[in-house]
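Working notes for the structure below.
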Amino acid sequence: MENTPNPRAGRKEWTALGVLMLPLLLVSMDVSILYFAIPYVSQDLEPTATQQLWILDMYGFVLAGLLITMGALGDRIGRRTLVIAGATVFGAASIAAAYAHSAELLIAVRALLGLGGAALMPSTLALIRNLFRDEKQRGKAVTVWTAVMAAGISLGPVVSGLLLEHFWWGSVFLINLPAMVLLLALVPFLVPEFKTPQQGRFDLLSAALSLAALLPVIYGIKELAQHGYEPLPALGVTSGLALGCAFVRRQRRVANPMIDLGLLGRRAFGGPMVANLLAMFATVGMAVFLTQYLQSVLGMGPFEAALWSMLPAAGMAVTAPTAAAFAQRVDRAYVMGGGFLLAACGFLWLSQVHTDTALWVPLTAASLYAGGLVAAMTLANELALGAAPPERAGSAAAVLESGQELGGALGMALLGSIGSAVYSRDMADALPAGVPQADAVRETLGGATTVAARLPATTAESVLTAARDAFTHGMGFAAIGAATVMAAAGVFSLVLLRGAGRTEPSSESPTGGVGPETRVDQPPRHAGASRA
């Protein structure tokens, strides 16, 4: 039988991609959409401080913990089926969250939102692997996927601020409904079903181990970043790592593992996964600094700050497609390395910002690093997805996204710790004597702002000036840390990823098909049909 080229996607596949971007946008927005709404939630439901933290974090914890399980499940039951199920859960949970009458109920519903999000995210990326067999078209589709995911995280606060100006806090959840209804109506007609033939029972123990490993690690990292060393978060990280080792050992022994450990060892997959982790390290780790700088240093309101923080999306809109076009002509490793180095330059520029710096300077620096990071992540996702066997695309996408979640948690912890350490050191030297609640002032800029509101005008101005200078100084050191990591990521890409994906065996079948994967909405072709 002669080899045949991979079929090019047509209008139906590109329309299907547009529909699949709806849940991805909303799932990414839900990570950050509650940041501005939480004061209104607190006023209405009166949660304790601990409950408030769980309202904010429960969604991300469940989403991260279930990604691997949902990716493997989608490979078995069908990725379209899992998208429909995830959209149904996400929509129903959005209604319940909007009308939650207690903090406990809102926490539980946020967990359901995480469940729905975990079903949607790996399925959307995996379906790109199935819908777009042509490498160039798949690169463009992955560019769209990466840009939408990054834009959703930035868009969440803007949408939240706009809605809260006119409606009650539940509206930030109800905005999910029209998109989910449209998704449920169109996906069955536009997206074919893709799944791997069932081989043995689903490994529930592996699913439990993956959840039990990721949740305490991410929880522990976030808690250590916020409160410093405490025994319980440290125990969480240690126990999570131990359970992660048990998970990996089980994957080596079972007949049908949830993740392909051999795939992780391939440069074309394992390398991009590390690159993605490093990119999210910087993206998430620095996001909180820019937001606080705009609000607490420059004195912007939440909605105004959210709108200005959208400006770096212009960098993404330019560099992501440009990087994809360059990658068609030169080795992806060079383009990825260039993206990381561009991000490093942006972070170095941000490190020179002071309290009286013109607004265009930090925004331009942020546009540079955001554009470089999205360019690198786009190519990393495309390279890794192309290396994954199509029948394991769901679990491969889930592993990629789990690495991103871990990278984000590490960035928040390490870069946040650098900024906090510099802030505390500077405030210890600059804080005027006799200021009440000095510990709160020395701990965070938010604490200094709260205390200053109750002080005489002259003392308050002195405290706020010192706190803003200390915060900006800490942001500069954190930006230097991010630039260092990005430079290392650039060298990693240039040295270890050159030729990856071209010299390694292709995951496509010799005939240009997709191996043992089946599309269950199309009847199998008989032998006579293939001869005809």
Side-chain angles (χ1 to χ4, degrees), residues 18-45 47 51-67 69-70 73-74 79-124 148-149 151-188 191 306 401 405:
V19 173
L20 289 172
M21 292 305 96
L22 288 173
L24 177 65
L25 179 66
L26 293 170
V27 169
S28 345
M29 281 172 51
D30 256 46
V31 173
S32 56
I33 204 166
L34 266 189
Y35 289 169
F36 292 160
I38 197 66
Y40 301 91
V41 174
S42 299
Q43 186 177 13
D44 190 14
L45 301 184
Q51 287 175 332
Q52 181 173 306
L53 288 174
W54 281 112
I55 289 171
L56 286 170
D57 292 338
M58 179 59 80
Y59 174 78
F61 287 158
V62 175
L63 175 69
L66 288 177
L67 280 172
T69 296
M70 290 299 173
L73 186 63
R79 289 151 209 161
R80 184 182 70 180
T81 298
L82 194 62
V83 164
I84 292 172
T88 302
V89 171
F90 202 85
S94 296
I95 297 174
Y99 295 99
H101 55 76
S102 69
E104 293 84 358
L105 178 59
L106 185 55
I107 292 170
V109 172
R110 288 280 286 171
L112 282 178
L113 282 168
L115 173 64
L120 289 167
M121 284 194 73
S123 299
T124 57
V148 168
M149 182 193 68
I153 297 173
S154 300
L155 193 60
V158 178
V159 173
S160 176
L162 182 62
L163 289 172
L164 291 170
E165 285 193 354
H166 302 284
F167 306 103
W168 97 112
W169 61 265
S171 61
V172 303
F173 296 108
L174 291 182
I175 194 176
N176 297 331
L177 292 182
M180 291 302 160
V181 170
L182 186 63
L183 180 74
L184 291 172
L186 296 181
V187 161
V191 180
E401 290 164 15
E405 293 289 333

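- One finds the CZ atom of Phe90 at 12.5 Å from the CG atom of Leu184 (value rounded to the nearest 0.5 Å).
- Just one of Val89, Thr88, Leu120 meets the side-chain contact (heavy atoms from CB on, under 4.5 Å) condition when paired with Met180; it is Leu120.
- Residues Leu82 and Met70 come closest through the heavy atom pair CD2-O, 3.1 Å.
- Leu66 and Ala118 get closest at one heavy-atom pair: CB-CB, 3.7 Å.
- The closest side-chain heavy-atom distance from Val19 to Val187 is below 4.5 Å.
- Considering all non-hydrogen atoms of both residues, Ala96 and Val109 come closest at CB-CG2, 3.8 Å.
- Listed here is the closest heavy atom pair of Leu183 and Pro188: O-CD, 4.2 Å.
- One distance of note links OH of Tyr99 with CG of Leu105; it measures 13.5 Å at 0.5 Å rounding.
- In this structure, CG in Leu113 is found 6.5 Å from CZ in Phe173, a value given to the nearest 0.5 Å.
- Counting all heavy atoms, side chain and backbone alike, Ala98 lies closest to Gly170 at CB-O, 3.3 Å.
- Distance CZ/Arg110 to CG/Leu63: 10.0 Å, rounded to 0.5 Å.
- Atoms CG and CZ, from Leu20 and Arg80 in turn, are 11.0 Å apart once rounded to the nearest 0.5 Å.
- Interatomic distance, Leu177 CG to Ile95 CD1, rounded to the nearest 0.5 Å: 4.5 Å.
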